[in-house]
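In what follows, a single structure is set out as structure tokens and then discussed.
Chain naming here is simple, since letters A, B, ... match the order of the sequence lines and numbering starts at 1 in each.
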There are 2 protein chains.
Amino acid sequence: MNLRELSELLQLSQTTVSRALNGFPEVSEETRSRVRAAADMHGYRPSAAARRLATGQSGTLGLVFPRERNMLGDLIFTEFLGCCVEQASDLGYDVTLAMARGAQTEEAVYRRAVRSARVDGMILSSPLLEDPRIDLLRSLNMPFILHGRTRISSPHATLDIDNRGAFLQATRLLLDLGHRSIALINGDPAFNYAHDRELGYRDALATMGIAALPALISGNMMTERHGEDEAARMLALPSSERPTAFLCSSIAQAMGVTRAITRAGLVIGRDISLIAHDDRIADLRAESFDTPLTTTQSSIGAAGKRVVEMLIHMLRHPNEALPQEVWPVDLVVRASTGPAPTV
Amino acid sequence: MNLRELSELLQLSQTTVSRALNGFPEVSEETRSRVRAAADMHGYRPSAAARRLATGQSGTLGLVFPRERNMLGDLIFTEFLGCCVEQASDLGYDVTLAMARGAQTEEAVYRRAVRSARVDGMILSSPLLEDPRIDLLRSLNMPFILHGRTRISSPHATLDIDNRGAFLQATRLLLDLGHRSIALINGDPAFNYAHDRELGYRDALATMGIAALPALISGNMMTERHGEDEAARMLALPSSERPTAFLCSSIAQAMGVTRAITRAGLVIGRDISLIAHDDRIADLRAESFDTPLTTTQSSIGAAGKRVVEMLIHMLRHPNEALPQEVWPVDLVVRASTGPAPTV
DNA sequence: AGAAGTTTCCAAAGCGCTTTGGATGATTGG
DNA sequence: CCAATCATCCAAAGCGCTTTGGAAACTTCT
């Protein structure tokens, strides 16, 4: 059942049927509902291919799969991706994946995606401090939105959370509780988000005149393993340097840190305080830890959805200014933070 | 630069140019190379939308994102997905993702994907024992290929590895080494692959007249955590039931099991033997364990690529019989297996 | 040399939608 | 009552490719 057949059936022109279905104003409500009913009745689905050809829009968003980029963090990426796909589908868009791997440079992948012109816009995630992709896509004239920020000043659409503010707040909470030796278990500092978090952490320490000790800062993969190993190492430091509190960049890391702390015979919330950033991933709940975790929380899924919304809005309103959003991050205090133990 | 412009430039018809570029035989080699050169020169890229409309093929494969399905196993899924995308792209296809989540039943997602007709074929992964998706897609007339098998007899294309044979072999190796108490740390037995592996394990035990003890069989998520916890539990059993060997369904689980064994003060390859199934994921190498792991190995990435090849072949040759492949699995003996300790 | 193939190329008809530029009545204002 | 304005609707022209059904030129065969 195609448009022509449907319009013949209704004794209307294709124009009118098309407009009725697409919500144009120049068709009477009566006709519109008649058309809608018939379309439903006969299970009419407009051909995506035909529409694409006619409009020049592909109805597809592209996303480059960052396999080399943050391999083991990808539970978080997966959540982000899933929500992007979900939202895109709700708005009538498809999401296609591209892959950067091996011999192919990431740049080549982007170039190819653009040239084949099968996507209307692209979603970038996990930006590096000076991410080359954004100038690349700008020069290729491909609309895109970045999840995260970079140090690059050329204008581009972004959605990011206030990582710096979040870790500033979290660190300050620990300082207010009397902690003076605070460890940071971070993600790879090549990524902008990790860099921002470290800045927030340092900001807070600086206001108290406390030096940030390299031995208490770790930036690596966002895995439980890494959290556990680093925490164990730090807890083995001489007591003068040993941290009384940990700040983690992910719940996975916090799980590892929790184990290290417990194994050291210490009690979370009493001997050692712990705050983690919580991306709100379904099966990794900060509140269901044995000692519920104090967190800086921000749903990465919500960000995925919003990023798609913003990108589609950009595609539909190409002349508006490029949107930029920064979300504040909530600090949720639970049982894993307490006053610093007195010596 | 479109086909018409290019053909005018070459003083040829669109027909000829199109055929030259698409490798049809009814165009002379001389003309063909002239056309190719001009196309390259002017950076001509055929419009995907136009081609789709003209051919009725979308040039796109669909893959449903199994978020609820095997959440934490998804390092493996990610590898599979990545290789599918890579191969599809090499063959000129796109891969679009759909999502099943929350209110939407998985069935609704498949129905919608089919109705919107934006994909030529679909890739299914991680099948359950009696997976309803395959009869669904058959009834909807959507070509698809299944990575894995099911107990369902209706004909469909599949690529699977010989999970049963692999675990039969692995278990037999342990038996030959004198082990009599062998633990199985498996994936969720709702999945067919896990079920098959357990069958292989039981087959081997049965040939030696050994009963499979429920306490030594665990089926759950494919995480390091699960591996560690289960191994620790089993190692704490009274010595009459305590396993002298472990069989794991993934390298991640084996990492956890390794930790539990080491923590128990035991030495892998001497006190306890360990075999894991290795999906050959880049950053998770069985050979770089402290004690290199004996494995049943089969690259899941290679399977992803092959699945895409097979599906595309099916699309191009719709009348051929549905392909079914079962790959044998290699047993690679390394240092983690040794003779059972004498009491 | 004429008939019968072969090669090589082409004109034109779609594929199913969107969108431009009217046309047709119905309604309103002076 | 006629002109001007609206509200509806339509015919037809693309969008850029593939593919059908020939036509023309060139070989080969007898």
Side-chain angles (χ1 to χ4, degrees), chain A residues 1-39 42-60 92-94 115-120 315-316 318, chain B residues 1-39 42-60 92-94 115-120 315-316 318:
Chain A
M1 165 74 51
N2 59 23
L3 187 62
R4 186 175 50 71
E5 288 166 18
L6 185 63
S7 64
E8 279 167 7
L9 208 97
L10 282 162
Q11 300 279 53
L12 286 170
S13 73
Q14 295 189 35
T15 310
T16 302
V17 175
S18 168
R19 291 189 154 154
L21 257 22
N22 291 331
F24 280 65
E26 54 268 78
V27 51
S28 69
E29 272 316 313
E30 188 206 323
T31 310
R32 190 189 305 279
S33 59
R34 201 160 66 89
V35 171
R36 282 225 184 94
H42 297 83
Y44 166 72
R45 300 263 111 196
S47 144
R51 175 176 304 191
R52 286 171 189 196
L53 180 56
T55 61
Q57 298 268 302
S58 69
T60 302
Y93 277 73
D94 286 338
R115 277 204 319 182
S116 69
R118 297 201 265 216
V119 300
D120 296 333
L315 297 176
R316 290 184 179 155
Chain B
M1 166 75 47
N2 59 25
L3 187 62
R4 186 177 47 74
E5 289 167 16
L6 184 63
S7 63
E8 280 167 6
L9 208 98
L10 282 161
Q11 300 280 51
L12 286 169
S13 73
Q14 294 189 36
T15 309
T16 303
V17 176
S18 168
R19 289 186 157 153
L21 257 20
N22 292 330
F24 280 66
E26 53 268 78
V27 52
S28 68
E29 272 317 314
E30 187 207 325
T31 310
R32 190 188 305 280
S33 58
R34 202 160 63 89
V35 169
R36 282 226 184 93
H42 297 84
Y44 167 73
R45 302 262 111 198
S47 144
R51 175 176 304 190
R52 284 169 192 198
L53 180 57
T55 60
Q57 298 266 305
S58 69
T60 302
Y93 278 73
D94 286 337
R115 277 203 320 180
S116 69
R118 298 200 262 215
V119 301
D120 297 333
L315 297 175
R316 290 182 179 156

N/O (side chain, [X]) to phosphate O (OP1/OP2, [N]) under 4.0 Å:
{"X": "A/S18", "N": "C/dT18", "result": "yes"}
{"X": "B/R4", "N": "D/dG16", "result": "no"}
{"X": "A/T16", "N": "D/dC10", "result": "yes"}
{"X": "B/T31", "N": "C/dC9", "result": "yes"}
{"X": "B/S47", "N": "D/dG16", "result": "no"}
{"X": "B/S28", "N": "C/dC9", "result": "yes"}
{"X": "A/N22", "N": "C/dT18", "result": "yes"}

Out of [options], which has the shortest distance to the side chain of [X]?
{"X": "B/L12", "options": "D/dC10, C/dT18, C/dC9", "result": "C/dC9"}
{"X": "B/A54", "options": "D/dC17, C/dC17, C/dT19", "result": "D/dC17"}
{"X": "A/E26", "options": "C/dT18, D/dT8, C/dT19", "result": "D/dT8"}
{"X": "B/T55", "options": "D/dC17, D/dT18, C/dC17", "result": "D/dT18"}
{"X": "B/R19", "options": "D/dC10, C/dC10, C/dG16", "result": "C/dC10"}
{"X": "B/R51", "options": "D/dG16, C/dT20, D/dT18", "result": "D/dT18"}

Does this structure show an ion pair linking B/E30 with B/R34, if we count only N-O contacts that are shorter than 4.0 Å?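 B/R34 and B/E30: not salt-bridged.
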
Kindly say whether A/R118 contributes a backbone atom to a donor-acceptor pair with the side chain of A/S58 at under 3.5 angstrom?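 Yes.
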
Under 4.0 angstrom, heavy atoms only, what part of the nucleic acid is B/E5 near: base, sugar-phosphate, or nothing?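 If one applies the 4.0 Å heavy-atom cut-off, B/E5 turns out to touch nothing in the nucleic acid.
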
For B/V17 and for A/L53, find the nucleotide of DNA chain C with the closest heavy atom, then tell me which residue's nucleotide is more 5'.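 By nearest-heavy-atom nucleotide position, the 5'-most residue is B/V17.
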
Heavy-atom side-chain contact between B/R19 and B/E26 under 4.5 Å: yes

Over how many whole Å does the gap from A/R34 atom CZ to D/dT8 atom P extend?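 Taking atom P of D/dT8 as the reference, CZ of A/R34 is at 14 Å.
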
A/Q14 vs A/V27, nearer the 5' end of DNA chain D by closest nucleotide: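 Result of the comparison: A/V27.
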
Pair B/D120-B/T60, side chain to side chain contact (heavy atoms under 4.5 Å, CB included): steps then yes or no: CA-CA 6 Å; B/D120 297 333; B/T60 302; 5.7 Å; no

Note: B/A20 and B/V27 closest approach over all heavy atoms is CA-CG1, 3.8 Å

